Amino acid sequence: MTAALFKDWCFHHFVPEVKESFKSFGLPEDTKAILLLDNCKAHPPVDELVSGHIVATLLPPNVTSLIQPMDQRVIQNFKCFYRRSFIQVTQMPKRKKRKKSAGQKLQNH
């Protein structure tokens with residue numbers, strides 16, 4: 001994601017969808033809307049993301065993990081489980097299949 005792509009998405013997708021939502025709810029065109037953004041470096045400055053009464057604002061630093069459920073240890077727990085499983089699989093001793101002798105084959109039948 002780049003700032004240019006984000007701006008393109010904001011003005012060509014987000015803003016028109018918000019305005020369409022205003023209409024569908026019967027809200028006046030001058031209704032205010034806020035786009036909340038985290039502090040991702042790919043986001044352009046918020047003063048460049050203004051369209052009429054639709055503005056963007058940044059969340060305070062380090063609060064994203066408090067309000068986004070996937071950031072609340074779910075991803076970390078998955079990574080720990082994956083690493084543990086990967087290590088177990090890669091460190092398993094490789095078992096070589098032994099060829100049974102003709103005598104062993106006869107004893108098993």
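Numbers for residues simply follow the sequence, beginning at 1. None of the values given here were measured: they were computed from a predicted structure.
- From Lys19, atom NZ reaches atom NZ of Lys23 across 8.5 Å, with rounding to the nearest 0.5 Å.
- Under the 4.5 Å side-chain heavy-atom criterion for Ile, Leu, Val, Met, Phe, Trp and Tyr, Trp9 and Val50 are members of distinct hydrophobic clusters.
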Let me check something: any side-chain donor-acceptor pairs from residues 33-49 under 3.5 Å, sequence neighbours excluded? List them with distances.
{"from": "Asp38", "atom 1": "OD1", "to": "Cys40", "atom 2": "N", "distance (Å)": "3.3"}
{"from": "Asn39", "atom 1": "ND2", "to": "Leu59", "atom 2": "O", "distance (Å)": "3.3"}
{"from": "His43", "atom 1": "ND1", "to": "Asp38", "atom 2": "O", "distance (Å)": "3.1"}
{"from": "Glu48", "atom 1": "OE1", "to": "Lys7", "atom 2": "NZ", "distance (Å)": "3.2"}

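- Rounding to the nearest 0.5 Å gives a distance of 12.0 Å between CD of Glu17 and CZ of Phe22.
- Just one of Arg83, Arg84, Lys79 meets the side chain to side chain contact (heavy atoms under 4.5 Å, CB included) condition when paired with Phe81; it is Arg84.
- Hydrophobic clustering, with ILVMFWY side chains joined whenever heavy atoms are under 4.5 angstrom apart, groups Phe25 together with Ile54.
- Taking each heavy atom of Cys10 and Pro16 in turn, the nearest pair found is O-CD, 4.4 Å.
- Phe86 and Tyr82 have parallel rings, their planes meeting at less than 30° on a 0 to 90° scale where 60° marks the start of perpendicular.
- Hydrophobic clustering keeps Val55 apart from Val15 (ILVMFWY residues linked when any side-chain heavy atoms are closer than 4.5 Å, directly or through intermediates).
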